Novice: 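Here's a structure for you.
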Amino acid sequence: MIKGSSDAQNPSKVPFYLYKFLFARTHPKPNSYTIAFVLKACSIASAFEEGRQVHSHALISGLLFSSPFVQTALLNFYGKCGEIGFAQQVFNEMSERNLVSWSTMVSGYVRNGLVNEAFCLFGEMQKLDIVPDEVTMVSLVSACAMSGALDIGGWVHAYVSKLGIRADIELGTALVNMYAKCGSIEKAKEVFDAMPVKDTKAWSSMIVGLAIHGLAGEALKAFSKMQETKVRPNHVTFLGVLSACAHGGLVSEGQKHWSAMLECGIEPSMELYGCMVNLFCRANLIEEAHKFTENMPIIPNPIIWRTLLMGCKRSKTLMGKAETFVERLLELEPLNDGNYILVCNLYASQSRWEKVKEVRKKMKERNIDVIMPGKSSIEIDGFVYEFVMGDWSHPEARAIREAVREMCEKVAAAGHKPDISSVLHDMVEEEKEKALLEHSERLAIALGLIKIKAPAVIRVVKNLRVCEDCHEVTKLVSRLYEREIIVRDRVRFHRFVNGACSCLDYW
DNA sequence: TTAGGGTTAG
């Protein structure tokens, strides 16, 4: 009954209530099967409190330590509920670990965004000669997709072939997704074409991949082929189709697919509404987009308002409307620093400096600080390089900026209008950066910190620029030194400083 | 009758 009432499509707490009903009786007693089933049901429903109670029963009844099934189910439950610390604890306390328990821990890390931890654990598995299977590899491929690590992803793919691991439909889909997300759409297509069986998720993965690469025509062609092969599309498939239409400027095509989607009986989600709003906005049809938003049966979320605002910025019209969108957005999310930046940039792009001032004042009144700058990253030869606005610490920073500027010029020559203001702004800022670097180097030398290399000092300065206080910089650098943190690894240090930056009070 | 995996708007 407990297993039968658990349904991944319709998560509910019914299995837990049945378990509770059973537990209230003296007979029969739950066994390891019962606990494993109910824990799985709790992980599907993300029923954290309920699962914890089951954990406690498993412990008291002695079923936890006697059954690897119960232990792994519990480990999986914590991982799926986002409680990776508890999952780790269960894993550490396991007396005997098998391939399934290792794979569960790896997948828990990946699910919670801990890509490095997942790869470290995989390394430990290899040291212990535990041979991974297709399930383990799916998690690792997903980890690469999340972090944009194409080189490592390619290595994982090669490793799968080398070990002779069967690339089933899940692994195939994960590979298609990984290659597409990491920028290699050709390789994604190659893997997809080689898949003997393709289901809804596999097709969706390919369509979304083509859409994010701006290949609207190919995405729509893939969608027709999917329909020819009688594979039923779901809401994710339509996310791909509609975002392809949005990026390709295919408004009527998108509207046609929206109607077809409703006919399929797919309930439009917030994401799908968002795709349609974006479809109109990218075609400069802000009025239509707004009308569409007003007719939504659900309350639009901040993403929808931001999409509309970006539409206004792009079309450089309807600033009166933009003000309404700003109001809605700041009502919904008054504490999100990114919203204020977006609004400031919008007004600045229209040279409406009075409005910019007003927003900045509002930020001050509401104590909004911009703590984490947006960043981009790229992996080359297994090394992840991260970039933030105004970051000149990369040894080839100038060449990189020049290349971006050249690309923008080529795009402009092709008849498009790229926004290169940030690149130009960055290049002007280089001079200031140099001055800052010299200053921070002097500080470092004065403090006897020659062990900390210049790029590290720049980052410290950069992250403290928010408060524009050299005294703070000095304090931070000396505390780094006191703690004997000597920088060898750029990426690790970058993360470290970002962390430090977001908790200045701690420092 | 028990444990691990794939696609998701701006």
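Computation of the quantities below employed the complete heavy-atom set of this structure, encompassing side-chain atoms and omitting hydrogens, waters and symmetry-equivalent molecules. These numbers were taken from a predicted model, which means no experiment stands behind them.
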Novice: In whole Å, I'd like the distance from the CG atom of A:Asn98 to the C1' atom of B:dT2.
Specialist: 13 Å
Novice: With a 3.5 Å cut-off and just heavy-atom distances, do the side chain of A:Asp168 and the base of B:dG5 make a donor-acceptor pair?
Specialist: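 It does, because a donor-acceptor pair links the side chain of A:Asp168 to the base of B:dG5 below 3.5 Å.
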Novice: For B:dT7, does OP1 or OP2 lie under 4.0 Å from any side-chain N or O of A:Lys181?
Specialist: no
Novice: Output the rounded distance in Å from NE2 (A:His57) to P (B:dT2).
Specialist: 23 Å
Novice: NA contact type, A:Thr307, heavy-atom cut-off 4.0 Å: base, sugar-phosphate, or nothing?
Specialist: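 The answer is sugar-phosphate, as A:Thr307 gets under 4.0 Å only of primed atoms, P, OP1 or OP2.
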Novice: State which of B:dG4, B:dG10, B:dT7 makes the closest approach to the side chain of A:Val236.
Specialist: B:dT7
Novice: Kindly indicate whether the side chain of A:Ser204 and the base of B:dT7 share any N or O donor-acceptor pair separated by less than 3.5 Å?
Specialist: yes
Novice: Is A:Thr104 side chain donor-acceptor paired with the B:dG4 base, going by distance under 3.5 Å alone?
Specialist: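 When only heavy-atom distances are counted, A:Thr104 does not reach the base of B:dG4 through any donor-acceptor pair under 3.5 Å.
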Novice: Looking at the side chain of A:Lys40, which of B:dG4, B:dT7, B:dT2 is the nearest nucleotide?
Specialist: B:dG4
Novice: Which of these nucleotides, B:dT7, B:dA9, B:dG5, is closest to any side-chain atom of A:Ile303?
Specialist: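 Within the option list, the nearest is B:dA9.
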Novice: So, is A:His247 close to the B:dG10 phosphate, meaning a side-chain N or O under 4.0 Å from OP1 or OP2?
Specialist: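 Looking at the OP1 and OP2 atoms of B:dG10, one of them is under 4.0 Å from a side-chain N or O of A:His247.
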Novice: To the nearest angstrom, how far is A:Tyr78 atom OH from B:dA3 atom P?
Specialist: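 About 19 Å, once rounded to whole Å.
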Novice: Base, sugar-phosphate alone, or nothing: which one does A:Met206 contact when heavy atoms must sit under 4.0 Å apart?
Specialist: nothing
Novice: Check this one for me: any side-chain N or O of A:Asn177 less than 4.0 Å away from OP1 or OP2 of B:dG6?
Specialist: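 Looking at the OP1 and OP2 atoms of B:dG6, neither is under 4.0 Å from any side-chain N or O of A:Asn177.
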Novice: Taking A:Ser184 for the side chain and A:Glu186 for the main chain, is one N or O donor matched with an acceptor at less than 3.5 Å?
Specialist: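 No, because the side chain of A:Ser184 does not come within donor-acceptor range (under 3.5 Å) of the backbone of A:Glu186.
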Novice: Looking at B:dG5, does its base get a donor-acceptor pair with the side chain of A:Glu170 below 3.5 Å?
Specialist: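 By the distance-only test, yes, there is a pair.
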Novice: Checking all strands, does A:Ser269 fall into the base, sugar-phosphate, or nothing category for heavy-atom contacts under 4.0 angstrom?
Specialist: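 Touches nothing.
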Novice: In the structure I gave you, are the side-chain heavy atoms of A:Thr229 and A:Trp203 within less than 4.5 Å of one another anywhere?
Specialist: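 A side-chain contact under 4.5 Å exists here.
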Novice: Can you tell me if A:Lys80 touches the phosphate of B:dG5, counting only side-chain N or O atoms and a distance under 4.0 Å to OP1 or OP2?
Specialist: yes
Novice: Side chain of A:Asn76 only, please: which of B:dA9, B:dG4, B:dT8 is the nearest?
Specialist: B:dG4
Novice: So does A:Glu358 pair up with A:Lys355, basic N to acidic O under 4.0 Å?
Specialist: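 Here A:Glu358 pairs with A:Lys355 in a salt bridge, since their nearest N and O are under 4.0 Å apart.
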Novice: Under 4.0 Å: is that the gap between some side-chain N or O of A:Arg111 and OP1 or OP2 of B:dG5?
Specialist: yes
Novice: Does CZ in A:Phe21 sit with more than 12 non-hydrogen atoms of other residues, nucleotides or ligands closer than 6.0 Å?
Specialist: no
Novice: When we call it a touch if two heavy atoms are under 4.0 Å apart, what does A:Ser205 touch: a base, just sugar-phosphate, or nothing?
Specialist: sugar-phosphate
Novice: Tell me the interatomic distance from A:His235, atom NE2, to B:dT8, atom C1', rounded to whole angstroms.
Specialist: 6 Å
Novice: In plain terms, say whether A:Glu49 and A:Lys13 are close enough for a salt bridge, that is, a side-chain N and a carboxylate O under 4.0 Å apart.
Specialist: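 No, no charged N to carboxylate O under 4.0 Å.
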Novice: Counting distance alone, no hydrogens or angles: does the base of B:dG4 have a donor or acceptor under 3.5 Å from a partner atom on the side chain of A:Asp133?
Specialist: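 Answer is yes: a donor-acceptor pair is held.
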Novice: Which nucleotide wins on minimum distance to the side chain of A:Val100, given the candidates B:dG5, B:dA3, B:dT7?
Specialist: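 That would be B:dA3.
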Novice: Atom CG of A:Leu346 and atom P of B:dG10: how far apart are they, to the nearest Å?
Specialist: 19 Å
Novice: What's the closest nucleotide to the A:Ile169 side chain, out of B:dG6, B:dT8, B:dG4?
Specialist: B:dG6
Novice: Using the ring centroid of each side chain, check whether A:Phe238 and A:Phe223 are separated by less than 6.0 Å.
Specialist: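 Between A:Phe223 and A:Phe238, which both carry aromatic rings, the centre distance is below 6.0 Å.
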Novice: Mind calculating the distance between CG (A:Leu99) and P (B:dA3) to the nearest angstrom?
Specialist: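 So the CG-P distance, A:Leu99 to B:dA3, works out to 15 Å.
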Novice: Rounded to the Å, how far apart are A:Leu272 CG and B:dA9 C1'?
Specialist: 7 Å
Novice: For a quick check of understanding: with a heavy-atom distance under 4.0 Å over all strands, which category does A:Pro68 fall into, base, sugar-phosphate or nothing?
Specialist: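 Base contact - A:Pro68 has a heavy atom under 4.0 Å of at least one base atom.
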Novice: Base, sugar-phosphate, or nothing: which does A:Arg282 touch, judged by heavy atoms less than 4.0 Å apart?
Specialist: sugar-phosphate
Novice: I want to verify a distance call: between B:dT1, B:dG4, B:dT8, whose nearest atom is closest to the A:Phe37 side chain?
Specialist: B:dT1
Novice: When you measure from the side chain of A:Ala202, which nucleotide among B:dG10, B:dG6, B:dT8 comes out closest?
Specialist: B:dG6
Novice: Please confirm whether the ring centroid of A:His55 lies under 6.0 Å from the ring centroid of A:Tyr78.
Specialist: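 Between A:His55 and A:Tyr78, the centre distance is under 6.0 Å.
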Novice: Is it true that A:Lys189 and A:Glu218 have a side-chain N and a carboxylate O under 4.0 angstrom from each other?
Specialist: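 Salt bridge between A:Lys189 and A:Glu218, a charged N being under 4.0 Å from a carboxylate O: yes.
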Novice: How is A:Glu134 classified with respect to the nucleic acid when contacts are heavy atoms under 4.0 Å: base, sugar-phosphate, or nothing?
Specialist: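 The residue A:Glu134 makes base contact.
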Novice: I want to verify a distance call: between B:dT7, B:dA9, B:dA3, whose nearest atom is closest to the A:Thr72 side chain?
Specialist: B:dA3
Novice: From the options B:dT8, B:dG6, B:dG4, select the nucleotide whose nearest atom is closest to the side chain of A:Ala174.
Specialist: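 Selected nucleotide (nearest to the side chain): B:dG6.
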Novice: Once you round it to whole Å, what is the distance between P of B:dG4 and CD of A:Glu96?
Specialist: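 In whole Å, B:dG4 P and A:Glu96 CD are 20 Å from each other.
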